[in-house]
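Notes for the one structure printed next.
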Number of protein chains: 4
Amino acid sequence: MLYMQTVHSEDEGGRRSFIEEARRRQIVAAAVTTIAEEGYARASFVRIAARASVSPGLITYHFRTKERLIRQVLEYVHTRLDRAMEGGPEPLTGFEDGLRRIVAGHVMYCSQHPEEMAARQEIIGAAAPPAVREWITENEASGRAELAGFLTEGQRHGEFRAFDPEVFTDTLFAALGSAPGRLRRRPAEEHEAYAQELARLFAAAATGRTPPW
Amino acid sequence: MLYMQTVHSEDEGGRRSFIEEARRRQIVAAAVTTIAEEGYARASFVRIAARASVSPGLITYHFRTKERLIRQVLEYVHTRLDRAMEGGPEPLTGFEDGLRRIVAGHVMYCSQHPEEMAARQEIIGAAAPPAVREWITENEASGRAELAGFLTEGQRHGEFRAFDPEVFTDTLFAALGSAPGRLRRRPAEEHEAYAQELARLFAAAATGRTPPW
Amino acid sequence: MLYMQTVHSEDEGGRRSFIEEARRRQIVAAAVTTIAEEGYARASFVRIAARASVSPGLITYHFRTKERLIRQVLEYVHTRLDRAMEGGPEPLTGFEDGLRRIVAGHVMYCSQHPEEMAARQEIIGAAAPPAVREWITENEASGRAELAGFLTEGQRHGEFRAFDPEVFTDTLFAALGSAPGRLRRRPAEEHEAYAQELARLFAAAATGRTPPW
Amino acid sequence: MLYMQTVHSEDEGGRRSFIEEARRRQIVAAAVTTIAEEGYARASFVRIAARASVSPGLITYHFRTKERLIRQVLEYVHTRLDRAMEGGPEPLTGFEDGLRRIVAGHVMYCSQHPEEMAARQEIIGAAAPPAVREWITENEASGRAELAGFLTEGQRHGEFRAFDPEVFTDTLFAALGSAPGRLRRRPAEEHEAYAQELARLFAAAATGRTPPW
DNA sequence: GATGAATGAGAATTCATTCAT
DNA sequence: CATGAATGAATTCTCATTCAT
């Protein structure tokens, strides 16, 4: 790609050089840490740049606007989260098992990547630029639809009781979203148990039975 | 009561005149509206003052710092919420009924006072000043303890299954916290049903049975 | 007017306090001097504020945006110019005399208020913000129409030869616009003669005769 | 010739390679286009480089500073303008004819090379760096002297009336400078007529007679 | 010769807070 | 009590220029 700075109109399309890719990753990582540790409100270019040992101008150079940087942070977190959620190798034994894996998988991911998830939550909570809010809404929509579909399917198979899938999805997303904050106040060795307990809670809510595990 | 009001820990101690109280209420109300409608990030003193038809200097005069004003906003919201949560006149028929009333009561309160609750959520999500974050944490503690106690009692009476009360509390708080946002995207006439459905979800999670109502 | 800073939506309508009016005048004056002496490109808020012995924030406080400040500068200059152009007491003896007065009057005004006119020219030449350019275009239009009308009238009365009034107007405006720059390079005692000579030039161009004065 | 090219006064002295000359021409051309289309204020190295499909660093490499690049742009424009002004093949029939050719020739050149002349005008109007302003002044001087000499000669031959050649020159330069802007607002087929009309205006001003053509 | 990543100074603007009135 | 003018630090973003490659 020729030159950067103010010009390249909108397209993220242009191929990026190796070194540029590396810098972008470094800055995104610094942003994640800054947001997670100091909060979104205090995550200015100056502070993010300081953490990356880089000049603030370089952030604009690579990302054009703050909104774009924040979007990259979210994309980075979601990409890694999605990859992690693709599920384990063992076959599902049923919908209850599926639900358990979703919940426990997400919680354990939060446990293993607390910064990323804390940053994500900070952004979602504070998300100043309207464009970012839109991005989040659109992006959540597909996840919500997928989960709602899964729940409905479970009801059709008689494994889940007759609840409202929308309300259930709302609640589950709220619970998973608050997970990073909750885990932070607990010792790491309890996280596994926390994940299982939360999975049991939603399994009971979905089936109307105490889960056998 | 789920939320506590600080007992004027670091307050200037002195009695407040009638007119001062009135001004403070007026400013807090303006802050609630501003935060709810424009978001925490845009709730500057100038904008809050404009809504209160008052000069920005007056806010500093009455509250010293922004952090103190925000704390007052939270106290105001929690006081009103607590008063509303003190429960209806009819006697509880059991713990499941108690849980139902907590959940549905909270949701309906969100439905009836969307501004207050939206402002509260904005602050909790965005709240930059660390002091406010601490205040929130400390303040939630008593509410959490109360709820955890209630759940434990329900388990002792055999009405609730053997879940971890802490995890359950976390989840319930997360769900109730997200209620204002969720309700905002639904027509008002569905709020009642939403409240009941959410109550059923947590009843099922707590009892391991599909609730009879 | 209550409070200022970020809020007051668009209206310049609100009454302005005496002290505010004074500050605005002071800042506009500082802007005129800065632009005239250092050029538009170097007339940053910091430099203008320094000349007014004021903080840069105060300019934003009183004018909201740079574009608005610049517009105020132009309005200030045009208001004073228009007042000066309203013409002397003696009755016109004809169209040639009218043209002479327009030209000489404008040049002498430039001579007496070199800063204002230099600033005006700087802004017209550089005028970065598109909104300012529009303001200028619209504002010039009426002046151009008036002059063109006067010329046409002079042709109808047989005092002026049959030139294209549009082209004549273009030329006259260009000449008058360059006057401040030209005068700056000449000693003040020659300005009067310069004005008369320029008037003679346009009189000859308009009548096709050497003017008798 | 009305405009002069500096004779590489402060130049690095050394001969320039063929490829270097080519690059310099390419960059100057890109600068002309950028300034003409986006305005001087938006003509940053990055944007000029983008138009030249070249890196911004290369501009500094070839021109050292922005001020030097801008000077090259002016020299480029003036060189081509001077070449064009050297006049047609037909012999002059007199001074009035000479004046006509100067005016009409310049206007038609503006019509045929609107970009170059628009860029020139942008720079003259906006040109921040004082060094450029000085260069312009010095550079115009020779052109002004030449024109003033021509006018004086015409007066000596009795073809022109007794006006002040300096004032006349000022006015003519102002009018010619504003030509690109004026032509831009008129359809191309009227440009020829505009040129003739402007020539007539100055002929009338110079001779004190309505021109016979 | 040429690149493009990087810098650092400077731009306009926002805002909590102060203080003379 | 209340005002609102004023400040100064902080914000994002732009840009000419430098320099290792």
Side-chain angles (χ1 to χ4, degrees), chain A residues 1-7 16-17 19-20 22-24 41-49 54-67 69 128-129, chain B residues 17 19-20 22-23 41-49 54-67 69 129, chain C residues 1-7 16-17 19-20 22-24 41-49 54-67 69 128-129, chain D residues 17 19-20 22-23 41-49 54-67 69 129:
Chain A
M1 173 171 37
L2 287 173
Y3 50 82
M4 285 202 47
Q5 266 167 237
T6 320
V7 160
R16 276 194 255 278
S17 74
I19 176 163
E20 182 179 358
R23 269 284 186 249
R24 288 174 63 97
R42 290 181 57 81
S44 71
F45 276 19
V46 175
R47 271 187 274 266
I48 293 169
V54 130
S55 76
L58 192 62
I59 302 182
T60 304
Y61 176 73
H62 282 298
F63 296 92
R64 300 284 316 132
T65 66
K66 181 161 200 183
E67 184 233 307
L69 168 62
Chain B
S17 77
I19 180 162
E20 185 173 358
R23 271 285 187 242
R42 290 180 57 80
S44 71
F45 273 22
V46 179
R47 272 188 271 265
I48 294 170
V54 130
S55 78
L58 194 61
I59 302 183
T60 306
Y61 176 77
H62 281 298
F63 297 92
R64 296 303 306 157
T65 68
K66 183 165 198 180
E67 182 234 308
L69 168 63
Chain C
M1 175 170 35
L2 288 172
Y3 50 82
M4 286 202 47
Q5 265 166 240
T6 320
V7 158
R16 277 194 256 276
S17 73
I19 176 162
E20 183 178 358
R23 269 284 186 247
R24 288 173 63 97
R42 288 180 58 80
S44 71
F45 276 18
V46 174
R47 272 186 273 264
I48 294 170
V54 130
S55 75
L58 192 63
I59 302 182
T60 305
Y61 176 74
H62 282 297
F63 296 91
R64 302 282 317 131
T65 66
K66 182 161 199 181
E67 183 234 306
L69 168 62
Chain D
S17 77
I19 179 161
E20 184 174 358
R23 271 283 188 244
R42 289 180 57 81
S44 70
F45 274 20
V46 178
R47 271 187 273 264
I48 293 169
V54 129
S55 77
L58 193 62
I59 302 182
T60 307
Y61 176 77
H62 282 298
F63 297 92
R64 294 305 304 155
T65 67
K66 182 163 198 180
E67 183 234 308
L69 168 62

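Remember, predicted model here, so these are calculated numbers, not experimental data. In the text below, chain A, chain B and the rest are named by the order of the sequence lines, each starting its count at 1.
- Not one side-chain nitrogen or oxygen of D/Y61 sits closer than 4.0 Å to the OP1 or OP2 atom of E/dA2.
- A straight line from CD of D/E67 to C1' of F/dC15 spans 17 Å, rounded to a whole angstrom.
- Nearest nucleotide to the D/S55 side chain, out of E/dT18, E/dG1, E/dG4: E/dG4.
- Atom CD1 in D/I59 sits about 13 Å away from atom P in E/dA2, given to the nearest Å.
- At a threshold of 4.0 angstrom between heavy atoms, the contacts of C/S44 are confined to the sugar-phosphate backbone, with no base atom among them.
- Among all heavy-atom pairs drawn from D/F45 and D/I59, the shortest one is O-CD1, 3.7 Å.
- With rounding to whole Å, B/K66 atom NZ is found 4 Å from E/dA16 atom P.
- Considering only side-chain atoms of D/T65, the nucleotide from F/dG4, F/dT17, E/dA5 that sits closest is F/dT17.
- When the C1' atom of F/dT18 is taken as reference, atom CZ of D/R64 falls 9 Å away, rounded to whole Å.
- Across all strands, C/R47 comes closer than 4.0 Å only to sugar-phosphate atoms, never to a base (heavy-atom distances).
- The CD-C1' distance, from A/E20 to E/dG4, rounds to 9 Å in whole Å.
- When rounded to the nearest whole Å, the span between CG of C/L58 and C1' of E/dC15 equals 14 Å.
- Atom CZ in D/F63 sits about 13 Å away from atom P in E/dG1, given to the nearest Å.
- Nearest heavy-atom pair across B/S55 and B/A49 is C-CB, 3.8 Å.
- Partners of C/R47 according to the side-chain hydrogen bond (donor to acceptor under 3.5 Å, both in side chains) rule, which considers only residues two or more places apart in sequence or in another chain, do not exist here.
- Distances shown here put a side-chain N or O of D/H62 below 4.0 Å from the OP1 or OP2 atom of E/dA2.
- Regarding contacts with the backbone of F/dA5, a side-chain N or O of C/S17 is found under 4.0 angstrom from either OP1 or OP2.
- A/R23 CZ to A/H62 NE2: the interatomic distance, rounded to the nearest 0.5 Å, is 6.5 Å.
- E/dA16 is paired with F/dT7 under the criterion used here, namely a Watson-Crick or G-U wobble arrangement in which both key atom distances are under 3.5 Å.
- As judged by a 4.0 angstrom heavy-atom cut-off over every strand, C/F45 is placed among the base-contacting residues.
- Residue D/K66 holds its NZ atom at 5.5 Å from CD1 of D/I48, rounded to the nearest 0.5 Å.
- Mapping B/R42 and C/V46 onto DNA chain E via the closest heavy atom, the residue that lands nearer the 5' end is C/V46.
- Remark: C/R24 CZ to C/Y61 OH distance equals 11.5 Å, nearest 0.5 Å.
- Atom P of nucleotide E/dT13 and atom CD1 of C/I48 are separated by 11 Å, given to the nearest angstrom.
- Checking F/dT14 for Watson-Crick or G-U wobble geometry (two distances, each under 3.5 Å) identifies E/dA9 as its partner.
- Comparing A/G57 and C/R23 by the nucleotide of DNA chain F whose heavy atom lies nearest to each, the residue mapping closer to the 5' end is C/R23.
- Residues C/I19 and A/A43 both approach DNA chain F. Their nearest nucleotides, taken by heavy-atom distance, put C/I19 toward the 5′ side.
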